[in-house]
Amino acid sequence: MLSGDIPPSQTIYIKNLNEKVKKEELKRSLYALFSQYGRILDVVALKTPKLRGQAWVVFTEITAASNAVRQMQNFPFYDKPMRIQYAKTKSDCIAKEDGSYDKKKKQEEKAERKRRAEEAQQSTMPNGVSAQNGGSTASFRHGNSSAQEAVAPNNILFIENLPHEATSMMLEMLFQQYPGFREVRMIEAKPGIAFVEFEDDQQSSMAMQTLQGFKITPQNPMTITFAKK
DNA sequence: AGCACA
C-alpha cells in the first residue's frame with residue numbers, strides 16, 4: 001500500500017510521529033523542519049486518541065509538498081522515522097482561500113462522522129454495554145523556500161539572511177550548544193550566509209528545528225536549510 | 001494503525 005494512490009496536494013500527512021512530544025513543540029518543530037521546502041500556511045496536530053502521532057503540514061506550493069514527501073520520507077524525527085503521504089482531503093485553510101469552504105457542509109460531515117462512529121460502537125455491543133472492560137476497544141475490531149531544488153537531509157546546514165555583521169564566532173556560540181556540532185564556515189566574499197557542520201543529519205536537523213528563524217538582529221530571521229550535496 | 005482543521 002504505497003502512498004502513490006493519493007494525488008499530490010499542497011498538504012502532507014505525516015504519521016508515525018513520536019506521541020510523547022507535546023503538541024506545541026511538535027508543531028513548532030515540524031514548522032521549522034519543513035519550512036525549508038517552502039512557505040507553510042498551517043501545521044495541524046491533535047492529541048485525541050484517534051489523531052495523536054499524526055500531523056498535517058500545509059504548503060502554499062504543491063511542489064514544496066512533493067519535495068518534502070520525497071526528501072523527508074522515513075527521516076528520523078524524535079527517534080522515529082516519519083511516514084509521509086499527501087493528505088486525502090483539502091485543508092480548511094486552503095478551502096477558505098479558494099472560496100470552496102462551506103461551514104454548513106463542514107458541520108454536516110462532522111456530524112456524519114460522529115454518527116457512523118457511534119453506529120460502529122453499537123453494532124459491536126448489542127446489549128448496549130459500555131466499553132469499560134479493561135478499556136480495550138481493540139478486541140472489537142471487525143471491519144474495522146524558494147525551494148525549487150529538492151533539499152535532502154545533510155549533516156551540513158546552509159544559513160541565509162544573516163546580518164552582515166554576523167561573525168563565525170557568533171554563529172559558533174549559537175550552534176555549538178547542539179550535540180554533534182563540528183564547525184561554522186563563512187565565506188568572506190559572500191556576506192549573509194554560512195555553513196554549519198554537524199556529525200550527522202539527525203543532529204543537524206535538531207539544531208535546525210530549534211534555530212529556524214532565529215534573529216541575531218530583529219530584522220534578520222535566519223533561514224536554515226540542508227546544504228546541497 | 002490511525003486523514004483533521006479545539
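All chains are named by letter (A, B, ...) in the order of the sequence lines, taking the proteins before the strands, and each is independently numbered beginning at 1. Remember, it's a predicted structure, so these values are computed and weren't measured experimentally.
L41(A) belongs to a hydrophobic cluster whose other members, connected by ILVMFWY side-chain contacts under 4.5 Å either directly or through intermediates, are V58(A), I94(A).
Base engagement by K90(A) is indicated by at least one non-hydrogen atom pair under 4.0 Å involving a base atom. If you check every strand for non-hydrogen atoms under 4.0 Å, L51(A) touches sugar and phosphate atoms only.
The interatomic distance linking K47(A) (NZ) with dC5(B) (C1') rounds to 17 Å, in whole Å. In this structure, the NZ atom of K15(A) is 13 Å from the P atom of dA4(B), given to the nearest Å. In this entry the distance linking CG of N18(A) with C1' of dA1(B) reads 16 Å, nearest Å. Between the CD1 atom of I14(A) and the P atom of dC5(B) there is a distance of 17 Å, rounded to whole Å. Atom pair R52(A):CZ and dC3(B):P shows a separation of 14 Å (rounding to whole Å applied). If you measure from atom CD of E97(A) to atom P of dC5(B), you get 19 Å, rounded to the nearest angstrom. Spacing between atom CD1 of I84(A) and atom P of dC3(B) amounts to 17 Å, rounded to whole angstrom units. In this entry the distance linking CD of Q107(A) with P of dA4(B) reads 16 Å, nearest Å.
Listed candidates were dC5(B), dA1(B), dC3(B). Nearest to the side chain of E19(A) is dA1(B). The side chain of T89(A) approaches dC5(B) more closely than any other nucleotide in the set dC5(B), dA1(B), dA6(B). Distances were taken from every side-chain heavy atom of K106(A) (C-beta onward) to each of dA1(B), dC5(B), dA4(B); the shortest belongs to dC5(B). The side chain of L46(A) sits closest to dC5(B) out of dC5(B), dC3(B), dA1(B).
Judged by atom type and distance alone, T48(A) does not reach the base of dA4(B) through any side-chain donor-acceptor pair under 3.5 Å. One cannot find a donor-acceptor pair under 3.5 Å joining the base of dA1(B) and the side-chain atoms of Q85(A).
Clustering ILVMFWY residues whenever any of their side-chain heavy atoms sit less than 4.5 angstrom apart, transitively, puts M208(A) in a cluster other than the one holding M173(A).
Using a 4.5 Å cut-off on side-chain heavy atoms (C-beta onward), E172(A) and F181(A) make contact.
A ring pair (Phe, Tyr, Trp, His ring centres under 6.0 Å) check over residues 205-229 of chain A, counting only residues at least two apart or in different chains, returns nothing.
The aromatic rings of Y13(A) and W56(A) are tilted relative to each other, their planes meeting at an angle between 30° and 60°.
Closest-nucleotide positions on DNA chain B for Q54(A) and D42(A) were compared, and the one nearer the 5' end corresponds to Q54(A).
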